[in-house]
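A short write-up of the structure that comes next.
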2 protein chains.
Amino acid sequence: MVDVRFSTSLQILLNLALRDREGDDLVTSQDLAQTLGTNPAFVRKLLIPLAQAGLVETFKGKTGGVKIARSPKKITLREIYEAAVDKNIACARETTNKSCPVGASMKSVFTGIVDGMESALRTHLQSKTLQHVLNQAKL
Amino acid sequence: MVDVRFSTSLQILLNLALRDREGDDLVTSQDLAQTLGTNPAFVRKLLIPLAQAGLVETFKGKTGGVKIARSPKKITLREIYEAAVDKNIACARETTNKSCPVGASMKSVFTGIVDGMESALRTHLQSKTLQHVLNQAKL
DNA sequence: CTTAATTGTAACCGACACAATTACAATAAG
DNA sequence: CTTATTGTAATTGTGTCGGTTACAATTAAG
């Protein structure tokens, strides 16, 4: 299991998009948690980076809650991915033998490879919007 | 830490490519393990899928060992990645509430997204050969 | 045939990541 | 002041996985 945060964040945003379309104003983390089958604190933890990325807006206090910050047409999967996932998709072993020429240059070489992979991934995700996903799911 | 197998498998193949170029015939897992700073059994576990993918050839018994099966020019990073990594790069939460329309269609939708991501990744990796990596590392 | 060196593999261990929970402080509305 | 919310710190339970040990199977050499 690599990272469940991406799919869960996506699911949160899909729900917020629907609720927004239905005219709801704010949705509580309690409400989202029930929909996702989890607990409010976990939802709130996922919401923090989404809010920092400007994808949702959160409001504290009584009558607080969260709502989607933009039209689903203006939110790409790349933005969601980058907000939800903070680690790289691959990494090298640390304990490699530096006296071997391969081991010595391994770190920098592999960093370059991973960068290329990440870049390819992000380019792909950039072309997909939340609205595309809504359409595909017939929502 | 996502998956150290990709980088380690790559490192194994880089070593085997160099040893092959130096005229060595077979390299033992013991030998590789020392170069990588790990133990022979771990190396052998990584070699199995590489052998199944036809990237290396292993030989049992006394005087046994492993060698690279093809020219580094003919080995792509995609092949190495697919041999070394068997899990998907992302997955969905299992316990999603099916009574919610988003939750109900989440699984299939997300599967499609992950497939697209994997595909983009593989396309990128396909354009890079082991020889490219050797060149870049000045080996 | 025996011995030695290897791969193949099963079983296990320990550490760490991370989903999930609990609890409580901070905030804001009424 | 009370109540409902977000924010967040602390904790826990557990699954994953890198790594190790051990041993069977295999093969060459003497």
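Small disclaimer: the values here were computed from a predicted structure and weren't measured. Order of the sequence lines sets the chain letters (A, B, ...), proteins ahead of strands, with each chain counted from 1.
The side chain of A:Thr58 contributes an N or O atom lying less than 4.0 Å from OP1 or OP2 of D:dG7.
Rounded to whole Å, the distance from CG on A:Asp25 to P on D:dT5 is 14 Å. Straight-line distance from the CG atom of A:Asn39 to the P atom of D:dT11: 18 Å, rounded to whole Å. Distance, A:Gln34 CD to C:dA20 P: 16 Å, rounded to whole Å. Atom CZ of B:Phe6 and atom P of D:dG18 are 14 Å apart (whole Å). Across the protein-nucleic acid pair, B:Phe42 atom CZ and D:dA22 atom C1' stand 18 Å apart, rounded to whole Å. Atom CD of A:Gln30 is separated from atom C1' of D:dT6 by 13 Å (rounded to the nearest Å). The separation between A:Leu46 atom CG and C:dA19 atom P is 8 Å, rounded to whole Å. What separates CG of B:Leu26 from C1' of D:dT27 is a distance of 12 Å, to the nearest Å.
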Chi angles and distances behind the salt bridge (charged side-chain N to carboxylate O under 4.0 Å, His left out) call for A:Arg19, A:Asp25: CA-CA 8 Å; A:Arg19 297 290 292 262; A:Asp25 189 17; over 6 Å; no
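Side-chain contact, A:Gln131 with A:Asn135: a donor N or O sits under 3.5 Å from an acceptor N or O.
Here B:Ile48 lies in heavy-atom contact (under 4.0 Å) with sugar-phosphate atoms only.
Two residues are said to be in side-chain contact when any heavy atoms from C-beta on lie closer than 4.5 Å; B:Val66 and B:Leu50 fail this criterion. Counting only heavy atoms from C-beta outward, the side chains of A:Val133 and B:Phe110 never approach each other to under 4.5 Å. A:Thr35 is not listed as a side-chain neighbour of A:Val27, based on a closest heavy-atom distance of 4.5 Å or more. Side-chain atoms of B:Lys73 and B:Leu130, non-hydrogen and from C-beta on, never get closer than 4.5 Å to each other.
Considering only side-chain atoms of B:Arg44, the nucleotide from C:dT22, D:dT6, D:dA22 that sits closest is D:dA22.
Mapping A:Pro40 and A:Arg5 onto DNA chain C via the closest heavy atom, the residue that lands nearer the 5' end is A:Arg5. Comparing B:Ala41 and A:Phe59 by the nucleotide of DNA chain D whose heavy atom lies nearest to each, the residue mapping closer to the 5' end is A:Phe59.
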Sugar-phosphate means primed atoms, P, OP1 and OP2; the rest is base. With that split, encode nucleotides 25-30 of chain C 5' to 3' as B, S or - using protein heavy atoms under 4.0 Å. --BBB-
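Between A:Lys67 and A:Asp24 no salt bridge is recorded (no basic side-chain N to carboxylate O distance below 4.0 Å).
On a pure distance criterion of 3.5 Å, a polar donor-acceptor pair joins the side chain of B:Lys45 and the base of D:dG19.
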